[in-house]
2 protein chains.
Amino acid sequence: MTATALKIPETFFHSKMFRGLGQEELGRLTQICQRRRAASGEYLIHQNSTAQNVYVVVSGIVMIERLSRAGRRQVISFAFSGDYIGFTNTDEFEYSVVCLSTTELQMFPRRALLEIIDQYPLLKSNARLMGGNVLAQAMDHLFAMGQKKAHERVCFLLDQIQRRQCGISKSEIDLVMSRQDIADYLGLTIETVSRALAKLSGMSVIEITNAHRIRILDRVQLEEMASVH
Amino acid sequence: MTATALKIPETFFHSKMFRGLGQEELGRLTQICQRRRAASGEYLIHQNSTAQNVYVVVSGIVMIERLSRAGRRQVISFAFSGDYIGFTNTDEFEYSVVCLSTTELQMFPRRALLEIIDQYPLLKSNARLMGGNVLAQAMDHLFAMGQKKAHERVCFLLDQIQRRQCGISKSEIDLVMSRQDIADYLGLTIETVSRALAKLSGMSVIEITNAHRIRILDRVQLEEMASVH
DNA sequence: CGACATATTGAGATGGCTCAATACCTGTGG
DNA sequence: CCACAGGTATTGAGCCATCTCAATATGTCG
């Protein structure tokens with residue numbers, strides 16, 4: 001480790017965005033990066049506000065949601081450690097972002113970040129790939145909503161969380177979000193989500209430790225039902 | 001008009017991608033651009049193939065679809081004149097693209113196009129904005145699927161087509177796609193689509209001239225039901 | 001421990017699906 | 001020009017998954 005390396009927060013490496021970067025790039029990024037800690041329930045981004053900052057989740061979980069004038073809500077996605085949010089291409093946000101737990105974040109001024117990304121090919125390629133992931137994820141979600149039954153959609157979410165929930169490769173799932181959040185993500189009602197979980201439990205695919213903790217018993221069957229490919 | 005201007009196909013101006021560009025940029029683009037004409041039913045892109053080319057629709061309509069191993073299909077979107085397709089960030093396509101009518105296209109080698117875009121700030125900004133549009137569109141679609149009833153989803157599609165169908169600002173809609181395509185786009189069955197259209201006709205929101213031609217009678221109500229904002 | 005929010009369970013209503021019959025549209029050959 | 005065939009769309013009837021509304025249970029925080 002060189003002296004300069006010490007200045008770079010280790011958490012930079014949590015995101016794919018920063019994978020494989022050299023000292024120079026990381027140095028530039030460190031200069032514009034601010035640490036931020038947000039409480040559960042805190043809004044990082046408000047729908048219709050101007051896009052100023054980009055965040056990278058270091059730890060915790062955030063939820064991206066969208067409200068209509070009619071008062072209906074669609075949850076767009078959940079973001080975990082390493083995911084970035086607010087990296088939009090338009091100048092105004094079309095969604096809100098709220099923390100579901102105490103969350104540590106890196107905050108970058110959007111303009112400055114875009115400039116730096118522009119200057120380093122590897123960073124640019126990383127950014128492109130991550131943008132591609134967001135779109136691929138949206139298509140998966142679309143598929144689940146259009147083609148799958150309630151209990152399959154729940155499998156889709158469980159599978160996703162299990163894959164992306166950082167650190168844990170075990171079969172334990174920490175269901176941080178509320179039933180209403182899940183329902184609004186999957187286009188269902190809370191009652192249907194509850195019943196779907198009960199059904200999966202009855203099928204011995206999962207075990208419900210308590211309302212916010214699930215154990216996967218049959219990963220093969222879960223993936224089968226979750227699959228959008 | 002200068003002499004060089006004559007070499008540039010007028011159709012370049014149909015897409016937002018090329019809006020506001022100078023002679024130099026257009027010249028570079030013309031060099032790598034190929035014209036292509038595709039028949040109805042022809043596949044431009046196959047799911048899981050390598051991303052080689054980017055297309056811009058000059059005239060006609062294409063459909064972006066995604067198949068699962070289980071044989072289910074989700075239609076991702078329909079693309080009209082001026083839309084580009086295949087401009088993916090990953091190296092492999094996660095969807096297929098098929099023409100719904102005789103279609104004129106511009107074809108660009110993806111790598112070369114990316115390089116040129118990189119060199120011209122305005123072009124880069126255009127590309128970013130168009131990428132943002134794709135995502136915004138996906139979120140709208142997600143919202144419609146998660147929160148709306150059958151007849152509202154149909155309104156969502158009709159409204160979209162009416163806005164994007166090139167040239168026509170009238171209330172006539174040319175429904176090129178089949179009922180199955182519509183159903184797979186909206187997460188419904190063909191029967192439900194049929195009934196939804198009949199219902200809207202009964203409400204005097206639309207008039208069904210024939211299976212593939214719709215007249216909008218009450219645009220306000222249509223937008224109201226279609227709205228995802 | 002009690003109060004309030006959140007989740008589960010139950011019962012009935014309903015929107016959308018399935019299966020089946022009919023209608024319409026388009027192209028082909030007599 | 002008409003008759004017919006094949007594909008596509010509409011309509012009908014019954015069923016089932018999901019929604020709605022209501023009651024109960026569980027969890028959380030003062």
Side-chain angles (χ1 to χ4, degrees), chain A residues 39-41 63 70-75 98 100-102 144-158 173-203 206-214 225, chain B residues 39-41 63 70-75 98 100-102 144-158 173-203 206-214 225:
Chain A
S40 175
M63 172 169 73
R72 304 224 61 171
R73 180 179 77 145
Q74 176 65 44
V75 171
V98 57
L100 293 182
S101 65
T102 305
M145 301 265 275
Q147 310 300 328
K148 295 207 164 270
K149 297 211 183 291
H151 69 280
E152 295 173 319
R153 293 188 212 179
V154 170
C155 288
F156 172 73
L157 175 65
L158 293 177
I173 288 182
D174 197 9
L175 223 49
V176 180
M177 61 290 291
S178 73
R179 291 292 185 271
Q180 189 62 62
D181 295 337
I182 297 176
D184 288 346
Y185 178 66
L186 299 174
L188 303 168
T189 58
I190 49 173
E191 294 94 333
T192 302
V193 171
S194 230
R195 280 187 253 267
L197 284 167
K199 179 175 184 171
L200 292 170
S201 174
M203 293 166 74
I206 61 171
E207 184 187 308
I208 304 172
T209 311
N210 65 54
H212 294 281
R213 181 155 286 262
I214 305 285
M225 289 189 284
Chain B
S40 175
M63 172 170 73
R72 303 223 60 172
R73 180 179 78 146
Q74 176 65 45
V75 171
V98 57
L100 293 183
S101 65
T102 305
M145 302 265 275
Q147 310 300 327
K148 295 208 164 270
K149 298 207 182 292
H151 69 280
E152 294 173 320
R153 293 188 211 179
V154 170
C155 288
F156 172 74
L157 174 64
L158 292 177
I173 288 182
D174 197 8
L175 223 50
V176 180
M177 61 289 291
S178 73
R179 292 292 186 269
Q180 190 63 62
D181 295 336
I182 297 176
D184 289 346
Y185 178 66
L186 299 174
L188 303 167
T189 58
I190 49 173
E191 294 95 333
T192 302
V193 171
S194 229
R195 279 187 254 268
L197 284 167
K199 179 175 185 172
L200 292 170
S201 175
M203 294 165 73
I206 61 171
E207 184 186 308
I208 304 173
T209 311
N210 66 55
H212 294 281
R213 182 154 285 262
I214 305 286
M225 289 189 284

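Residue numbering restarts at 1 for every chain, and letters A, B, ... go by the order of the sequence lines. These numbers come from the heavy atoms of this one structure, side chains and all, not from hydrogens, waters or symmetry mates. All values reported here derive from a predicted model rather than from experimental measurement.
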Between atom [atom1] in [X] and atom [atom2] in [N], what is the gap in whole Å?
X        : N      : atom1 : atom2 : answer
B:Leu186 : C:dG15 : CG    : C1'   : 16 Å
B:Leu100 : D:dT8  : CG    : C1'   : 15 Å
A:Lys148 : D:dA17 : NZ    : P     : 16 Å
B:Leu175 : D:dT8  : CG    : P     : 15 Å
A:Leu197 : D:dT18 : CG    : C1'   : 15 Å
B:Glu152 : C:dG15 : CD    : C1'   : 12 Å
B:Ile206 : D:dT10 : CD1   : C1'   : 14 Å
B:Ile182 : D:dT10 : CD1   : C1'   : 13 Å

If you take all heavy atoms of [X] and [Y], which pair is closest and at what distance?
X        : Y        : answer
A:Leu200 : A:Cys155 : CD2-SG, 3.6 Å
B:Ile214 : B:Leu197 : CD1-CD2, 4.3 Å
A:Arg153 : A:Leu186 : NH1-O, 2.6 Å
A:Val176 : A:Leu100 : CG1-O, 3.5 Å
A:Lys149 : A:Glu152 : N-OE1, 2.8 Å
B:Asp184 : B:Gln74  : O-NE2, 3.0 Å

Counting side-chain heavy atoms from C-beta on, which of D:dT18, C:dG16, D:dA9 comes nearest to B:Lys149?
->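 When the side chain of B:Lys149 is considered, C:dG16 is the closest of D:dT18, C:dG16, D:dA9.
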Return yes if some donor-acceptor pair links the side-chain N/O of B:Arg72 with the main-chain N/O of A:Lys148 below 3.5 Å, else return no.
->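 Pair absent, no side-chain N/O of B:Arg72 close to backbone of A:Lys148.
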Side chain to side chain, B:Leu175 and B:Ile182, heavy atoms closer than 4.5 Å |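 Yes; the side chains approach each other to less than 4.5 Å.
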Test item: A:Asp181 and A:Arg73 side chains (from C-beta on) under 4.5 Å apart, heavy atoms |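 Sidechains of A:Arg73 and A:Asp181: in contact.
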Check whether any side-chain N or O of A:His212 sits under 4.0 Å from OP1 or OP2 of C:dA7, and answer yes or no.
->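 So the side-chain polar atoms of A:His212 do come within 4.0 Å of the phosphate oxygens OP1 or OP2 of C:dA7, strictly under.
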side-chain N/O B:Arg179 vs D:dT10 OP1/OP2, d < 4.0 Å =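 Yes, such a contact exists.
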Whether each nucleotide of nucleotides 25-30 of chain D has a protein heavy atom under 4.0 Å at its base (B), only at its sugar-phosphate (S) or at neither (-) is summarised, 5' to 3', as ------
Members of residues 187-194 of chain A that approach DNA chain D, where some heavy atom sits under 4.0 Å away |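 Only A:Gly187, A:Leu188, A:Thr189, A:Glu191, A:Thr192 qualify.
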Does any N or O donor sit under 3.5 Å from an N or O acceptor when you compare the side chain of A:Arg195 with the base of C:dG10?
->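 Result: at least one qualifying N/O pair found.
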